[in-house]
Amino acid sequence: MAGGKEITGKIRSIENTKKVTSALEMVSASKIRKSQDLMNATRPYTRMIRRVMGHLSKANPEFRHPFTVRREETKKVGYIIVSTDRGLCGGLNINLFKLVLASIQEWRGQGAEVSLVTLGKKASAFFKNINVEIAAHAHDLGEKPQIEDLIGSIKVMLDAYREERIDLVYIVYNDFINTMSQRPRLEQLLPLPETDDEEVRDIWDYIYEPDAEALLDTVLVRYIEADVYHAVLENLASEHAARMIAMKNATDNAGDLIDELTLAYNKARQAAITQEISEIVGGAAAV
Amino acid sequence: MKHTIQCDIVSAQEEIFSGEATMIFATGSVGELGISPRHAPLITQLKPGPVRVQRPDGDEAFFFVGGGILEVMPHVVTVLADTAVRADDLDQAAAQRAKEEAERALQDRTGEVEVAEAQARLVEAVAQLRALEQLRKQVKRR
């Protein structure tokens with residue numbers, strides 16, 4: 001029976017692969033839910049800090065914080081790139097990096113330099129092969145990312161912006177739309193886009209402790225940190241969703257392959273039997 | 001006339017408390033604060049410490065915040081709590097770490113990283129296979 005043994009060996013190895021991919025699929029499916037819950041838990045903070053920011057800027061219309069002032073000339077652009085630590089999640093990271101590369105090329109075309117902060121191992125592994133400055137990096141954020149792990153990387157960007165070494169900061173991440181679709185997004189983080197959604201009935205002023213400018217600064221930094229944190233969570237949910245889909249496809253493909261191989265195996269077996277019978281018949285006739 | 005005020009305590013990671021309060025105590029950057037309904041509008045930084053909320057039913061709720069911002073508006077008190085204790089030099093150290101991490105990531109030879117990654121993935125796959133095998137045995141036994 002020629003080929004039979006090789007085919008069964010192959011079938012067995014594909015079956016093992018299928019077990020792994022379907023296990024990964026189930027693990028990701030359960031993690032999507034958890035990361036979505038984390039994402040929803042950040043909403044109240046964002047809503048309230050926006051409200052406080054609105055109040056502060058309405059109460060101090062004459063004071064312009066550097067984070068809100070648009071620079072006339074853009075000499076250097078910063079990117080905070082949120083990626084995953086692990087692979088096996090389809091084209092999630094690559095689609096994101098393509099978007100970044102296109103934007104980098106555009107800015108370089110206008111004579112601006114580029115600086116990156118990478119979150120997640122995939123981003124640093126990808127961008128270090130390209131001639132570009134990586135100012136800071138963080139990885140292993142885990143299933144439940146903590147804001148503490150992001151503070152350092154964000155501060156590197158904010159300091160560079162404050163010292164006018166960087167004039168524009170983008171944040172790039174995968175937006176979780178639903179389980180089936182995630183969209184790479186590139187958003188401007190600094191200078192902060194104007195917010196005008198706050199309805200204020202009366203002009204009033206606060207009692208400030210210690211003073212308005214220091215408070216506004218703290219509020220803005222917290223706001224940016226919350227924004228980046230939210231992006232990390234969106235990306236995490238996207239990662240699990242993308243991995244689930246990728247693994248589902250892999251499992252399906254493995255199933256198809258097994259079917260085909262089983263068919264090939266049965267044919268080979270049948271051919272061997274037929275051949276044996278005809279040999280016996282031929283042998284008997286010769287006697 | 002209302003003798004309570006809405007109090008919301010949130011951190012970037014979760015909503016901590018939301019409800020009516022008759023009195024709120026916190027540690028501001030320039031001193032202890034006690035806020036009762038109809039307090040004047042105020043905004044202040046908080047020091048790491050406890051926030052106490054007195055409920056209308058006489059209960060008292062305690063929360064520890066690692067700093068943050070407290071805003072008093074005519075109808076609502078908002079506490080934006082930090083999840084971590086923050087100080088300039090601590091933040092500076094974190095930034096330094098992030099920079100060093102970037103240098104390390106750049107220096108790592110591709111080979112090493114990829115081999116380590118592949119090994120990690122192999123271990124994970126084997127572990128999952130074993131778990132699956134056990135699960136299947138259990139199902140068969142049933």
Side-chain angles (χ1 to χ4, degrees), chain A residues 16 19-20 22-24 27 38 41-49 51-52 55-56 59 86-88 116-118 121 124-125 128-129 134-139 144-156 159 204-210 212 214-215 218-219 222 225-226 229-230, chain B residues 8 10-16 18 28-31 33 40-45 68-74 76 78-86 90-108 110 113-114 117 120-121 124-126 128-129 131-133:
Chain A
N16 283 338
K19 278 180 212 160
V20 175
S22 75
L24 270 175
V27 169
L38 283 179
T42 64
R43 296 244 157 83
Y45 188 83
T46 315
R47 196 177 63 236
M48 285 177 194
I49 201 160
R51 196 171 65 196
V52 173
H55 291 162
L56 273 172
R86 279 181 287 179
L88 295 181
L116 305 183
V117 167
T118 54
K121 283 181 192 154
S124 66
K128 77 177 171 193
N129 295 324
I134 299 183
H137 172 66
H139 60 81
K144 201 171 186 298
Q146 299 292 319
I147 256 190
E148 290 98 293
D149 299 330
L150 304 173
I151 289 169
S153 313
I154 298 169
K155 188 174 166 62
V156 170
D159 284 350
W204 83 92
D205 210 358
Y206 286 117
I207 304 168
Y208 295 101
E209 290 177 6
L215 274 165
T218 312
V219 172
R222 293 291 183 279
E225 284 167 0
Y229 180 66
H230 184 76
Chain B
D8 294 321
V10 291
S11 80
Q13 292 178 359
E14 63 194 333
E15 185 163 25
I16 297 169
S18 179
S29 60
V30 288
L33 288 165
L42 164 84
I43 185 160
T44 178
Q45 282 185 351
I69 294 153
L70 180 138
E71 186 202 35
V72 183
M73 295 290 292
V76 61
T78 311
V79 178
L80 301 166
D82 290 337
T83 44
V85 175
R86 303 290 293 269
L90 281 180
D91 285 9
Q92 196 58 52
Q96 195 54 41
R97 268 203 305 281
K99 278 184 197 164
E100 281 161 14
E101 203 64 59
E103 276 157 29
R104 204 170 308 143
L106 284 174
Q107 276 166 1
D108 254 347
T110 327
V113 176
E114 275 163 14
E117 213 171 296
R121 216 175 286 165
E124 196 177 310
V126 168
Q128 275 166 339
L129 258 176
L132 215 67
E133 212 85 54

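Model, not experiment: these values are computed from the prediction. Lettering of chains follows the sequences in order, A, B, ..., and the numbering in each one begins at 1.
- Taking both residues in full, the closest heavy atoms of V10(B) and P44(A) are given as CG1-CB, 3.8 Å, listed atom of the first, atom of the second, then distance.
- Atom CE of residue M48(A) and atom CD of residue E71(B) lie 10.5 Å apart, to the nearest 0.5 angstrom.
- Using a 4.5 Å cut-off between heavy atoms, V27(A) touches chain B through its side chain atoms alone.
- Contact annotation for Q146(A): both backbone and side-chain heavy atoms come within less than 4.5 Å of a heavy atom of chain B.
- Using a 4.5 Å cut-off between heavy atoms, V76(B) touches chain A through its side chain atoms alone.
- Here the shortest heavy-atom pairing between Q45(B) and L215(A) reads CG-CD2, 3.5 Å.
- Of the two parts of Y208(A), the backbone and the side chain both hold a non-hydrogen atom closer than 4.5 Å to a non-hydrogen atom of chain B.
- Only the side chain of R86(A) comes within contact range of chain B, with at least one heavy atom under 4.5 Å from a heavy atom of that chain.
- The CD atom of E103(B) sits 11.0 Å away from the CD1 atom of I134(A) when rounded to the nearest 0.5 Å.
- With a threshold of 4.5 angstrom between heavy atoms, L88(A) approaches chain B through side-chain atoms but not through N, CA, C or O.
- For chain A, no part of I16(B) is nearby; none of its heavy atoms comes within less than 4.5 Å.
- The two atoms that bring G152(A) and A98(B) nearest to each other are C-CB, 3.8 Å, heavy atoms only.
- Comparing E101(B), Q92(B), R97(B), E15(B) by heavy-atom pairs within less than 4.5 Å of chain A, the highest count is held by E101(B).
- Heavy atoms of A81(B) lying under 4.5 Å from chain A belong exclusively to its backbone.
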Verify side chain to side chain contact (heavy atoms under 4.5 Å, CB included) between L80(B) and R51(A), making sure each step is shown before the conclusion.
CA-CA 11 Å; L80(B) 301 166; R51(A) 196 171 65 196; over 6 Å; no

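- Taking every heavy atom of both residues into account, A12(B) and T42(A) meet most closely at O-CG2, 3.2 Å.
- Looking at S124(A), only its side chain comes within 4.5 Å of chain B, counting heavy atoms on both sides.
- For the atom pair OG1 (T218(A)) and CD1 (I69(B)), the distance works out to 5.5 Å, reported to the nearest 0.5 Å.
- In terms of heavy-atom pairs under 4.5 angstrom with chain A, the leader among G68(B), S11(B), S18(B) is S11(B).
- Residue contact with chain B, scored on non-hydrogen atoms closer than 4.5 Å, involves the side chain of D159(A) exclusively.
- Considering every non-hydrogen atom in both A95(B) and V156(A), the closest pair reads O-CG2, 3.6 Å.
- Heavy atoms of H230(A) lying under 4.5 Å from chain B are absent altogether.
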